[in-house]
2 protein chains.
Amino acid sequence: MPRNRRPQDREEKRAEIVVAATTLFTDSGYDETSMSKVATAAGVTTNTIYWYFDDKDALLVAVLDYVLEAALADAALEPERPWGEQILWAVDRLDQYRRLVTVVHAKTATSPVVEAWHNGFHTLVDTLLVDGFRRVGIPESDLVPMAAIGTFVVEGLLMHPHAVKDRRVIVQTLVASRP
Amino acid sequence: MPRNRRPQDREEKRAEIVVAATTLFTDSGYDETSMSKVATAAGVTTNTIYWYFDDKDALLVAVLDYVLEAALADAALEPERPWGEQILWAVDRLDQYRRLVTVVHAKTATSPVVEAWHNGFHTLVDTLLVDGFRRVGIPESDLVPMAAIGTFVVEGLLMHPHAVKDRRVIVQTLVASRP
DNA sequence: ACCTGAACACCGTTCAAGT
DNA sequence: ACCTGAACACCGTTCAAGT
């Protein structure tokens with residue numbers, strides 16, 4: 001058995017746990033999903049999870065990484081769109097992860113590892129929003145506050161259910177607004 | 001002992017529990033505060049709390065009501081201000097309750113009683129924002145999406161720490177924006 | 001290196017029993 | 001009506017023991 005076989009297996013097993021946790025966390029919620037439920041869904045024993053992850057927070061971060069990576073890969077395949085459509089696409093794409101969005105904000109206050117992920121996520125989103133607003137002609141001096149407002153609108157739409165039509169009106173109003 | 005003495009006592013005892021829970025929930029967090037900690041702080045036994053509240057979620061809602069009522073009473077005492085200053089005052093006033101804001105959003109998905117409070121809160125905030133934006137001359141047709149954006153900005157500022165100065169720039173950009 | 005059975009301390013909640 | 005002691009089922013996490 002070659003030496004590089006093992007790490008391969010380890011990654012596969014780890015991934016199975018992450019996939020199981022993703023489904024449960026997004027559908028039933030983080031607090032509502034016990035480690036033993038994740039274990040059962042992944043076909044392992046509860047404490048086996050602790051061989052792969054430090055604790056439940058670390059498993060959450062792994063789920064967040066997994067979900068974000070998939071969304072970014074999807075985004076790369078998508079055609080260029082008008083700026084408003086781009087934002088709406090992202091909101092639609094992330095809509096299924098509402099429960100992750102709320103739990104990240106709640107856990108950020110107490111879990112350093114979740115807080116770190118949250119910071120990195122906001123840095124990424126901020127970069128994307130600054131670029132987008134620059135492209136539609138927002139003056140350089142207003143880009144930072146506009147990106148902040150954009151972030152809050154995207155998060156707000158993810159945290160509060162809205163009809164697809166209402167989302168559209170809100171986002172169009174946002175991208176059409178000028179300070 | 002007159003018959004109306006009892007309800008008085010009951011309210012006092014209930015209020016003591018709410019005050020104790022408010023401090024603990026806002027400072028240490030909801031999940032991090034056990035019912036037994038609330039009980040100790042309030043000088044009662046754990047299960048006495050269940051005589052006054054259905055469960056931990058109901059206690060959270062009582063805390064939310066208490067905190068909101070105090071903030072509204074404060075607001076009534078405040079002088080009229082320019083629209084942007086009004087929003088900034090509210091953000092400053094509610095800043096201490098960041099942890100309540102995040103936990104409300106997280107629990108809304110699973111607790112009907114928290115969800116009901118959350119809905120009521122948004123109805124209230126929406127009314128205030130529509131009025132405010134109308135006063136600064138936003139056309140009637142844009143009031144609804146602008147109020148939604150305003151809500152998301154206020155919540156976003158409460159959920160993400162910002163320097164006071166950055167808050168000001170963001171809110172000023174918001175109120176100066178026109179679709 | 002990887003996995004498990006059994007335990008630990010703690011949690012929200014309940015309930016029979018007291019006054 | 002109000003409060004308690006004691007219990008219940010469950011939780012995240014640990015650890016000695018196995019392979």
Side-chain angles (χ1 to χ4, degrees), chain A residues 1-18 20-22 24-25 28-63 99 103-104 106-107 109-114, chain B residues 1-18 20-22 24-25 28-63 99 103-104 106-107 109-114:
Chain A
M1 191 111 9
R3 206 201 283 163
N4 61 351
R5 174 72 197 287
R6 274 289 177 203
Q8 175 72 354
D9 286 357
R10 179 174 171 85
E11 278 315 302
E12 276 171 23
K13 194 70 163 281
R14 204 192 110 107
E16 279 169 31
I17 297 172
V18 171
T22 300
L24 290 165
F25 287 177
S28 315
Y30 176 82
D31 284 332
E32 292 73 16
T33 301
S34 65
M35 291 298 263
S36 90
K37 277 182 189 160
V38 176
T40 304
V44 296
T45 282
T46 300
N47 31 17
T48 294
I49 300 179
Y50 287 88
W51 179 257
Y52 292 91
F53 302 93
D54 278 351
D55 50 26
K56 202 182 176 188
D57 291 346
L59 178 57
L60 174 60
V61 169
V63 166
R99 307 198 69 164
V103 85
V104 162
K107 295 243 86 183
T110 41
S111 165
V113 64
V114 173
Chain B
M1 191 115 2
R3 205 201 281 162
N4 60 352
R5 175 73 196 287
R6 273 292 177 200
Q8 175 73 352
D9 286 356
R10 179 172 173 86
E11 279 314 304
E12 275 171 25
K13 195 72 163 278
R14 204 192 109 108
E16 279 168 30
I17 297 172
V18 171
T22 301
L24 289 165
F25 288 177
S28 315
Y30 176 81
D31 284 332
E32 291 73 17
T33 301
S34 65
M35 292 297 264
S36 90
K37 277 181 189 159
V38 176
T40 303
V44 296
T45 282
T46 301
N47 32 16
T48 295
I49 300 178
Y50 287 89
W51 179 257
Y52 292 90
F53 302 94
D54 278 350
D55 49 25
K56 201 182 176 187
D57 290 347
L59 178 56
L60 174 60
V61 169
V63 166
R99 309 199 67 164
V103 84
V104 162
K107 295 244 85 180
T110 40
S111 166
V113 64
V114 173

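Residue numbering restarts at 1 for every chain, and letters A, B, ... go by the order of the sequence lines.
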Kindly indicate, with the supporting measurements, whether the criterion side chain to side chain contact (heavy atoms under 4.5 Å, CB included) is fulfilled by A:L59 and A:F25. CA-CA 10 Å; A:L59 178 57; A:F25 287 177; 4.1 Å; yes
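Phosphate contact (OP1/OP2 of D:dC3, side-chain N/O of B:K13, threshold under 4.0 Å): present. One finds a side-chain N or O of B:R10 lying less than 4.0 angstrom from the OP1 or OP2 phosphate oxygen of D:dC2. Within the 4.0 Å cut-off from OP1 or OP2 of D:dT4, at least one side-chain nitrogen or oxygen of B:T45 is found. Between A:Y52 and C:dC3 there is a side-chain N or O to OP1 or OP2 distance below 4.0 Å.
Residue B:F53 is out of contact with every strand shown, counting any heavy-atom pair closer than 4.0 Å.
Picking from D:dC2, C:dC11, C:dA1 the nucleotide with the shortest atom distance to the side chain of B:S36 gives C:dC11. In the set C:dC11, D:dT13, C:dT13, the nucleotide with an atom closest to the side chain of B:K56 is C:dT13. Comparing C:dT4, C:dT13, D:dT13 by their nearest atom to the side chain of A:V44 picks out C:dT4. Among the nucleotides D:dA1, C:dA1, C:dG12, the one closest to the side chain of A:W51 is C:dA1. Here the nucleotide nearest the side chain of B:D55, chosen from C:dA1, D:dT13, C:dT13, is C:dT13.
With a cut-off of 3.5 Å on both pairing distances, the Watson-Crick or G-U wobble partner of D:dT19 is C:dA1. Remark: C:dT14 base-pairs with D:dA6; criterion is Watson-Crick or G-U wobble with both hydrogen-bond distances under 3.5 Å.
With contacts defined as side-chain heavy-atom distances shorter than 4.5 Å, the pair A:R99/A:E32 qualifies.
In this structure, the side chain of B:T45 does not engage the main chain of B:T48 through any donor-acceptor pair within 3.5 Å.
For A:Y50 and C:dC2, the OH to P distance is 19 Å, given to the nearest whole Å.
The cationic group of A:K56 does not satisfy the cation-pi geometry with A:Y50, failing either the under 6.0 Å distance to the six-membered ring centre or the 45° limit from the ring axis.
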